[in-house]
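Start at 1 with the first residue, then count along the sequence.
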Amino acid sequence: MIRNVRNAFTRRAVLMGGILVAAAATGLTAVSAQDATRLVIGTTADVVNFNPLVGNSRSDTWVTNLMYPRLMQMTAQGSKDPYVATDWGYSEDGLTAWLEIRDDLTWSDGTAFSAEDVAFTITAVTSEKIGVTAGLVPAFVSATAASPTRVEFVLSRPDSTFLTNIGFWMPIVPKHAFPEVGQVAAFANDKDWVSAGPFQLASVEVGQRYVLEAVDNYPLVEAGRATIDEVEFRVFPDVNAEALALRAGDLDLIANALPAPIAQTLNGQPGITVEQAPSLGWSHVLYNMQREPLDNVLVRQALAHSVDYEAIRAIAMQGLAQSTNSSVISPVLSYWADPAMEEYTFDPEAAKALLTEAGYADADGDGMFDDLELSLLYEQSAADIANWAQIMKDSAAQSGITINLVGLERNTYLARGREKDFDIYAGNWAVMEEPAAYLGLAYRTDGFINYASISDPELEKLIDAAQAATTPEAVKEQVQAAARLIQEQVYDNVLYYQTFQFAYNSDKWEGFVMQPSDLLSLVNPLSLASVKPKG
């Protein structure tokens, strides 16, 4: 177990800190899965980047999470507990922050893990604007290692989310093994790895497997070392192939969340257990505010009334999804959620009235509004989304709206999202756990993931007030007001938050530690350092 685990939310000093085919088909043998000390995990994608500060795919994160520690641990409710960081807080004026870290962690080459590594990492992330973390900490000015175990930060303004953002989102890299600041983002880190997690990457066979070996010193688990000797990530062409391999005993665990139909086929199979985990993010559609007619709130509200939400959750998701009440604050985040919010109703007549008010007409009487044809972009390999995209198209047609589906392979889909080359963008966020932080990331004009190009001064004032607030109550008031404005303006149309399902061979293994979201799930450092052969 983690030492000294406490609820971070209740222990802030001044600012509230608690506030993303079978084995044969792969050309592999099943030899490693027969080794009791090697856990074989299925994934459907290769690692794209071994630099933990740059990589952003799930496979990247699953592998690098086992080598580069984060400062805090995620709880089921989305708050942060001590991990590498043992204590933290803010000054009374909110302009400085501090962290204390463990003194018993070392890098794999024997160098002590220290506050210098933390200061180096955040300096590189912010000065080179690397990854999501850079967008989460706009108030950061500088960091200093005040002692081997204490890091002090200077902030440009009070930011109640600063410490917990870097605590969870920023993996720490070794100052002595990474290049100088200014070159970190370009560092491939594809050999001679120096790490400080429970496992060390030992071999890579692109398109086939990634093997990590347990290190002897990992004090974040009671035994001081992972129970198993090796972890192998094995690459499969798709989730169907993974399921077949799991049933055949050639695979121990499927890392990616299972589509509901596949989970149903595995549930109850001898020796296989299907576990569930709540989402800390949501599935949604974004409307491109830079394009007509989506810059018209009447059209966006009409689109919101043209979605058959219940059908999506009941049919496409087979009941494994819940409403967020059209809020960008999921009910899973029980402290922050606003119970007064209500979901947009599926109401084709209301949608037609809004479109008529917006100036649209059906002059030829074919049941469809003239000059109103939109495309909906989605990732074709995301089975759940592919299923509900069709439902969305069909329900929009009942409102007289023509939607054309555009399914793309993952990299092209992601690129078009970043380039804002879409009308309607269907997707999901894996972990959105601190509203005051992610509202700025997703809905501020210069937000790092503001794909919809939202720019609303009133919304930005609410976000600024939430981030600068000094009590949880004050933060809550502002983030709930922001969520209501986002719903009213339909800056984001949240469809559901999902109950994820994961499967593993329970005849062979026990001791996994489930964490929320499909990014953490059973494939997190604590879980893989704790799992052991059964019996």
Side-chain angles (χ1 to χ4, degrees), residues 1-6 35-39 41 47 50-53 61-74 80-88 99-121 145 147-151 166-168 170-178 189-204 210-233 509-513 515 520 522-533:
M1 297 295 292
I2 306 170
R3 192 176 72 180
N4 194 29
V5 172
R6 290 167 290 169
D35 184 341
T37 64
R38 174 180 284 197
L39 181 79
I41 303 173
V47 174
F50 293 102
N51 184 332
L53 303 179
T61 303
W62 288 328
V63 170
T64 59
N65 266 355
L66 299 180
M67 299 199 294
Y68 301 95
R70 294 170 194 259
L71 294 167
M72 300 177 190
Q73 185 86 274
M74 175 78 74
K80 315 300 188 318
D81 273 355
Y83 196 50
V84 171
T86 58
D87 204 2
W88 55 85
L99 280 168
E100 287 286 346
I101 64 173
R102 302 174 66 106
D103 61 3
D104 57 354
L105 201 59
T106 59
W107 295 100
S108 55
D109 62 357
T111 304
F113 184 103
S114 78
E116 292 277 1
D117 297 310
V118 179
F120 169 80
T121 303
S147 76
T149 61
R150 184 180 177 89
V151 196
I166 65 168
F168 174 71
M170 187 176 72
I172 307 302
V173 299
K175 178 182 179 181
H176 67 286
F178 269 53
N189 193 37
D190 55 358
K191 60 182 179 180
D192 301 327
W193 295 282
V194 176
S195 63
F199 297 91
Q200 169 85 344
L201 193 57
S203 65
V204 173
Y210 301 79
V211 177
L212 298 100
E213 298 176 347
V215 301
D216 288 335
N217 177 32
Y218 186 65
L220 290 164
V221 291
E222 281 186 344
R225 181 191 189 278
T227 305
I228 58 176
D229 296 322
E230 295 178 337
V231 170
E232 174 187 337
F233 286 88
W509 302 99
E510 62 183 1
F512 288 108
V513 179
Q515 294 186 340
L520 299 173
L522 296 170
V523 187
N524 62 76
L526 178 60
S527 180
L528 299 189
S530 303
V531 67
K532 58 185 178 182

For [X] and [Y], which heavy atoms make the closest approach, and how far apart are they?
{"X": "Thr106", "Y": "Ala196", "result": "O-CB, 3.6 Å"}
{"X": "Pro525", "Y": "Tyr218", "result": "CB-OH, 4.1 Å"}
{"X": "Leu528", "Y": "Phe199", "result": "O-CZ, 3.5 Å"}
{"X": "Glu232", "Y": "Arg38", "result": "OE1-NH1, 2.9 Å"}
{"X": "Thr227", "Y": "Ser530", "result": "OG1-O, 3.9 Å"}
{"X": "Gln73", "Y": "Tyr83", "result": "NE2-CE1, 3.2 Å"}

For the side chain of [X] and the backbone of [Y], is there at least one donor-acceptor N/O pair under 3.5 Å apart?
{"X": "Ser114", "Y": "Glu116", "result": "yes"}
{"X": "Tyr210", "Y": "Val47", "result": "yes"}
{"X": "Glu230", "Y": "Val211", "result": "no"}
{"X": "Ser527", "Y": "Leu522", "result": "yes"}

Can you list the residues that meet the side-chain hydrogen bond (donor to acceptor under 3.5 Å, both in side chains) rule with [X], with sequence neighbours excluded?
{"X": "Asp190", "value": "none"}
{"X": "Asn524", "value": "none"}
{"X": "Asp216", "value": "Arg225"}

(request) Enter the distance from Leu201:CG to Leu66:CG here, rounded to the nearest 0.5 Å. (result)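 Those atoms lie 9.5 Å apart.
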(message) Distance check, rounded to the nearest 0.5 Å: Trp88 atom CH2 versus Leu71 atom CG?
(response)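 Nearest 0.5 Å value for the CH2-CG distance: 9.0 Å.
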(message) For Trp107 and Tyr68, take the angle between the two ring planes, folded into 0 to 90°, and tell me which bin it lands in: parallel under 30, tilted 30 to 60, perpendicular over 60.
(response)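 Tilted: the ring planes of Trp107 and Tyr68 meet at 30° to 60°.
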(request) Quickly, which of Val523, Leu39, Leu526 forms a side chain to side chain contact (heavy atoms under 4.5 Å, CB included) with Phe512? Name it, please. (result)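 With Phe512 as partner, Val523, Leu39, Leu526 yield a single side chain to side chain contact (heavy atoms under 4.5 Å, CB included), made by Leu39.
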(message) Can you tell me which residue among Thr149, Thr86, Asp117, Asp87 is in a side chain to side chain contact (heavy atoms under 4.5 Å, CB included) with Ile101?
(response)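 With Ile101 as partner, Thr149, Thr86, Asp117, Asp87 yield a single side chain to side chain contact (heavy atoms under 4.5 Å, CB included), made by Thr149.
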(request) Given side chain to side chain contact (heavy atoms under 4.5 Å, CB included), test Leu220 with Arg102 step by step and report yes or no. (result) CA-CA 10 Å; Leu220 290 164; Arg102 302 174 66 106; 3.3 Å; yes
